[in-house]
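As structure tokens, the structure follows; a few thoughts come after it.
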Amino acid sequence: MFDDRSPIYQQIADKIKDDVLRGVLSPDDQVMSTNQYAAYYRINPATAAKGFQRLMEEGVLYKKRGIGMFVAPDAPERLRTERRERFFADVVDPMIADAQAVGVPLADIVRHIEKGGSR
Amino acid sequence: MSLGVEVADLSVRYGDVTALDGLSFTLAPGKIYGLLGRNGSGKSTLLSVLAAFRRPAAGRVLVDGQDPFENPSVMSRICLIREGGDLYSSARVRDVVGFAACVREGFDKAYADRLLDVFQIPRRRRVQALSRGQRSALGSVLGLASRAPLTILDEAYLGMDAPSRYTFYDALLEDYAEHPRTIILSTHLIEEVARLLEEVVIIDRGRLVLAGDTEDVRARGVTVTGRAAEVDAFTAGLTVLNSQTLGATKSATVFGPLDDERRDRARTYELDLGPVALQDLFVHLTRESVR
């Protein structure tokens, strides 16, 4: 379920973000409580709470006192923008590094992408 | 209701053997703690002092701000389940539970009954006829159902098979969510329980190795992998817990934390920084050569 690459609370936050991006969670949907999360993933409730806290700070979730946590109305758009901004650093740059390591010319990559795009 | 714990310069000696040697740490109330240590590191001794089963040779222990030793108002709020459960071997399961319900203030008999079903422990069976795993499960049932503001489980699930252990983890989390309290688990099944623990206390040979937030502790361990010369240059001045070489590649486990400046430097050296599992970190921190 989780790996040791990054803190568990961050992995929880990332998972919820993925759910929002993929439409599994829609704006104003209620998310599970920290205790439900903790039980489901067999983690300490404080860890789950830390992940939720992050998402509130980032504006992905909002809290209704005494009821629970909900997906912010602008969360999908906000996350899409965020991912778009990170796309080149996260996806394209490592690919270029890989290509250079094995000697694939950048022109070949561009040609390949253009061919795929016109297909 | 949860109890905090304060341990200051605690020492315990058995004859000329020093079991605990100047131990100090503080546990805030209401969290799940893991007490990690190798066999013979002093875990059980420490826990029996916290539970007022034993008096310190030097230093002091405060539970809820008071010395627990022969202090009924504190002792009645502490439950220590030791390995094997301290059970009368000729008593039947239902009588053991009935007895606990009689003497323990706050014991939830109905909850204990539910747990007996969950763990499939036969009520009419005598303790001596239970398997080791079932005895451990019975101990865990008594510990959980005590709802004690300070609940201590010392290797309580030793001998339980994997499905029973997972049942125990689920029961623990569920009940902790409904009835928050201070819980200390001592264990060497570190990988399995690491995620249940909000904080860890690691002791070795009666001394404190470190105490803190589980995630923070884990994040301090970093593996550095790359060309040997670069790894050596990068790790100079850091605490290197372990290193391995494979041909021209070297991998070193360092105990940080590493700041951003160091992480940037790793990138310029073309070094890979990787995480370390809590269990590996524990092994490195408590191995003979580090001592």
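Lettering follows sequence order; numbering is per chain, from 1. This structure is a prediction, so every number in the text was calculated from the model and none was measured.
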Should we say atom [atom1] of [X] is surrounded by more than 12 heavy atoms from elsewhere, each under 6.0 Å from it?
X	atom1	result
B:Asp260	CG	no
B:Arg227	CZ	no
B:Leu246	CG	no
A:Tyr62	OH	yes

* Starting from the C-alpha separation in whole Å, work towards a yes-or-no answer on side chain to side chain contact (heavy atoms under 4.5 Å, CB included) for A:Arg42 and B:Tyr166. => CA-CA 9 Å; A:Arg42 266 196 204 104; B:Tyr166 280 89; 3.1 Å; yes

* Can you spot which of B:Val193, B:Leu196, B:Ile32 makes a side chain to side chain contact (heavy atoms under 4.5 Å, CB included) with A:Asn44? =>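 That would be B:Ile32; it is the only one of B:Val193, B:Leu196, B:Ile32 passing the side chain to side chain contact (heavy atoms under 4.5 Å, CB included) with A:Asn44.
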
* With no hydrogens and no angle check, is any side-chain donor or acceptor of B:Glu215 less than 3.5 Å from a backbone partner on A:Ile8? ->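 Judged by distance alone, yes, a pair lies under 3.5 Å.
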
* To do: Over all heavy atoms of both residues, which pair between A:Pro45 and B:Leu173 is shortest? Give the atoms and the distance, please.
  =>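 So the minimum-distance heavy-atom pair works out to CD-CD2, 3.9 Å.
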
